[in-house]
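Here the structure comes first, spelled out in structure tokens, and everything after it is commentary.
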Amino acid sequence: MYPKSKVLIIAGSDSSGGAGIQADIKTVTLLGSYAMTAVTAVTAQNTMGVKKITPIPTQNVQKQITMILDDIGADAVKIGMLHNVSIIKCVHRLIKKYNLKNIILDPVMVTKGGIKLINNNSIVYLKKLLLPLAKLVTPNIPEAEVLTGCSILNKEDMIEVAKKILNMGPKNVLLKGGHLKSKMIFDILAMKQGIKIFAKRKIKTKNTHGTGCTLSSALATCLSQKKNIFKSCKISLHYVDRAITYAP
Ligand code: PXL
């Protein structure tokens with residue numbers, strides 16, 4: 001089948017295949033588009049945890065991206081683990097230079113097991129350089145707390161914090177509620193026009209590794225296929241829900 005659009009993924013590799021670039025390629029492909037990648041770091045990990053993280057030199061990351069953009073082009077860009085300040089600055093420069101649209105920023109910070117995928121200094125640059133360029137940013141609750149310095153205990157806090165992040169420059173914010181301890185999950189979409197809340201029952205499972213990566217690449221794919229923000233969120237959240245239900 002002819003792919004519907006082209007998606008550039010800038011992220012880290014997860015050897016276990018559940019998260020990172022591997023989850024992204026599977027998602028973009030399953031949703032009918034063409035996946036291209038720039039690898040920022042290689043992790044060695046399995047279901048028990050991350051053993052080693054090796055960053056790719058910035059010049060190499062830059063070349064991966066420019067080779068793609070000078071030839072094939074991209075209808076959307078999914079940004080995941082960027083690992084360090086040098087790579088963040090490089091990605092910022094290239095987004096500007098190529099005037100890239102439909103930037104989906106997953107502000108990846110730590111793994112579920114608590115391993116840092118980005119250092120504190122990087123968070124400053126992520127906020128300053130990349131948040132303002134994003135069409136959509138997709139923090140989970142711990143990431144939203146780091147981005148704003150506010151703590152989140154309930155749905156009302158989530159709405160306030162999503163609005164705060166929106167004021168930091170991105171066009172839209174999808175704040176994912178899976179970390180709250182409740183039977184329902186509320187995901188908050190903050191747009192310039194207002195707030196939408198997606199509610200669903202939490203699925204009791206340990207198989208949530210890679211759900212953030214999968215969601216952000218589903219969103220990038222939907223936006224690259226010219227679906228609007230609300231419809232993209234609806235389709236992508238449903239896709240991840242099904243992926244969790246049927247995870248091996
Ligand atoms: O889910 C966050 C994440 C992103 N990218 C890579 C990862 C992980 C979590 O393990 O390994 C490469």
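We use all heavy atoms of the structure for the numbers below, so side chains are in, but hydrogens, waters and symmetry mates are not. This one's a predicted model, so the numbers in the text were calculated from it and none came from an experiment. Whatever order the structure lists them in is the order used to number ligands and atoms, beginning at 1.
Side-chain polar atoms of S216 and K78 form a donor-acceptor pair below 3.5 angstrom. With 3.5 Å as the limit, one finds a donor-acceptor pair spanning the side chains of D24 and S217.
For atom 8 (C) of ligand 1, the closest non-hydrogen atom of the protein is L117 CD1, 3.6 Å. Atom 7 (C) of ligand 1 has its closest protein heavy atom at Q45 NE2, 3.8 Å. At the top of the distance list for atom 10 (O) of ligand 1, counting protein heavy atoms only, stands H209 CE1, 3.3 Å. Atom 5 (N) of ligand 1 has as its closest protein heavy atom G20 CA, 3.7 Å.
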* To do: Any chance you could lay out the ring pair (Phe, Tyr, Trp, His ring centres under 6.0 Å) test for F230 and F198, step after step, and finish with the verdict?
  => CA-CA 10 Å; F230 178 74; F198 299 91; 5.4 Å; yes
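Close contacts of ligand 1 with G12, meaning ligand atoms under 4.0 Å from a residue heavy atom, involve 12 (C).
For the salt bridge (charged side-chain N to carboxylate O under 4.0 Å, His left out) condition, the pairs that include at least one residue of residues 170-186, sequence neighbours left out, are D106-K176. A side chain to side chain donor-acceptor pair (under 3.5 Å) check over residues 119-133, counting only residues at least two apart or in different chains, returns the pairs K116-N120, N119-S122.
Neither the backbone nor the side chain of A41 comes within contact range of ligand 1; no heavy atom lies under 4.0 Å.
Among I103, V108, I88, T40, the single residue meeting the side-chain contact (heavy atoms from CB on, under 4.5 Å) criterion with I79 is I103.
The closest approach between a heavy atom of A11 and any atom of ligand 1 is not below 4.0 Å.
Here atom 1 (O) of ligand 1 lies nearest to C213 when heavy atoms of C213, S15, A23, G212 are compared.
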